[in-house]
K.L.:
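This is the structure I have questions about; it appears just below.
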Amino acid sequence: QVQLVESGGGSVQAGGSLRLSCAASGYTYSIYSIYCMGWFRQAPGKEREGVASIDSDGNTSYADSVKGRFTISQDNAKNTLYLQMNSLKPEDSAMYYCAADHSSFVRCQGRPWIEYKYWGQGTRVTVSS
């Protein structure tokens, strides 16, 4: 089992930056055998959408709407996933979730939310204009 806890959300003005963190905990083997981790977001009344993902080899992918503004990274020593968000826009406002999965049978890049087993509780990001 893997537990994920997000932090770092908050309220910022458009153009500002935030860094989200996702701390993973659980059995050592469970942590080290994670293949894919991702960030998702869901705004009120909208479907959950993928924001960024990273696999165990460090390969990353981004939604077109955040390319060039967001950066996903991981610190394996700290078992922590990050999402650096720059040049934030009001449309980035949402609840942000991190997710993880062990399976490598599904490609990590662009993996849909239903293919992730573990989820955090979310952290809210509000961007005002």
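Both backbone and side-chain heavy atoms feed into the values below; hydrogens, waters and symmetry mates do not.
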K.L.:
Could you state whether L83 and Y97 fall into the same hydrophobic cluster, counting links through intermediate Ile, Leu, Val, Met, Phe, Trp or Tyr residues with side-chain heavy atoms under 4.5 angstrom apart?
P.N.:
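Result: no, two separate clusters.
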K.L.:
Check the angle between the aromatic planes of Y116 and F40 and answer parallel, tilted or perpendicular using the 30° and 60° thresholds.
P.N.:
perpendicular
K.L.:
Has W113 got more than 12 heavy atoms of other residues, nucleotides or ligands less than 6.0 Å from its CH2?
P.N.:
no
K.L.:
As an exercise, state the distance from CG of L88 to OG1 of T126, rounded to the nearest 0.5 Å.
P.N.:
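Interatomic distance, L88 CG to T126 OG1, rounded to 0.5 Å: 10.5 Å.
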K.L.:
Does Y96 reach the side chain of E6, with side-chain heavy atoms less than 4.5 Å apart?
P.N.:
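Counting from C-beta outward, Y96 and E6 never come under 4.5 Å.
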K.L.:
With rounding to the nearest 0.5 Å, note down the distance linking NZ in K78 to OG in S21.
P.N.:
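Going from the NZ atom of K78 to the OG atom of S21 covers 9.0 Å.
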K.L.:
Is the shortest side-chain heavy-atom distance between L18 and F70 below 4.5 Å?
P.N.:
no
K.L.:
Are side-chain heavy atoms of E49 and R41 found at a separation under 4.5 Å?
P.N.:
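They are in side-chain contact.
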K.L.:
Could you give the distance from CG (N59) to CD1 (I54), rounded to the nearest 0.5 Å?
P.N.:
8.0 Å
K.L.:
Above 12 or not: heavy atoms from other molecules or residues under 6.0 Å from CD of E91?
P.N.:
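Atom CD in E91 is packed in, count exceeds 12.
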K.L.:
Run the numbers on L4 and L81 for side-chain contact (heavy atoms from CB on, under 4.5 Å), then give the verdict.
P.N.:
CA-CA 10 Å; L4 302 174; L81 180 73; over 6 Å; no
K.L.:
Tell me, do S30 and H102 make a side-chain contact under 4.5 Å, heavy atoms counted?
P.N.:
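Side chain of S30 against side chain of H102, heavy atoms only: contact under 4.5 Å found.
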K.L.:
Hey, are the side chains of S17 and Q84 touching, using non-hydrogen atoms and a 4.5 Å cut-off?
P.N.:
yes
K.L.:
Using a 3.5 Å distance criterion without hydrogens, assess whether the side chain of D55 forms a donor-acceptor pair with backbone atoms of D57.
P.N.:
yes
K.L.:
Which pair of heavy atoms, one from P90 and one from S128, lies closest together, and at what distance?
P.N.:
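P90 and S128 have their closest heavy atoms at CG-C, 4.5 Å.
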K.L.:
Under 4.5 Å between side-chain heavy atoms, counting indirect links through other Ile/Leu/Val/Met/Phe/Trp/Tyr residues: same cluster for M95 and I114 or not?
P.N.:
yes
K.L.:
Would you call D64 and K67 a salt bridge, taking side-chain N to carboxylate O under 4.0 Å as the test?
P.N.:
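Yes, charged N to carboxylate O under 4.0 Å.
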K.L.:
Rounded to the nearest 0.5 Å, what's the gap from SG on C108 to CE on M37? Could you check?
P.N.:
10.0 Å
K.L.:
Might you point out which heavy atoms bring S53 and G110 nearest each other, and give the distance in Å?
P.N.:
OG-N, 4.0 Å
K.L.:
Is W39 reaching over with its side chain to a backbone N or O of Y82, donor-acceptor style, under 3.5 angstrom?
P.N.:
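Between the backbone of Y82 and the side chain of W39 there is a qualifying donor-acceptor contact (under 3.5 Å).
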K.L.:
Kindly compute the distance separating OG1 (T60) from CD (Q109), expressed to the nearest 0.5 Å.
P.N.:
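So the OG1 of T60 and the CD of Q109 are separated by 7.5 Å.
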K.L.:
Evaluate the side-chain proximity of M85 to D92: yes if any heavy-atom separation is below 4.5 Å, no if none is.
P.N.:
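SC-SC contact between D92 and M85 ruled out.
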K.L.:
Taking all non-hydrogen atoms of both residues, which atom of D101 and which atom of I34 are closest, and how far apart?
P.N.:
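Smallest heavy-atom distance, with atoms named: O-CG2, 3.7 Å.
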K.L.:
Taking the side chain as everything from C-beta on, heavy atoms only, tell me whether V127 gets closer than 4.5 Å to S93.
P.N.:
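Contact flag for V127/S93 side chains = yes.
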K.L.:
To the nearest 0.5 Å, what is the distance between SG on C98 and CD on Q74?
P.N.:
12.0 Å
K.L.:
Same cluster or not: V106 versus I72, using hydrophobic residues (I, L, V, M, F, W, Y) connected whenever any side-chain heavy atoms lie under 4.5 Å apart?
P.N.:
no
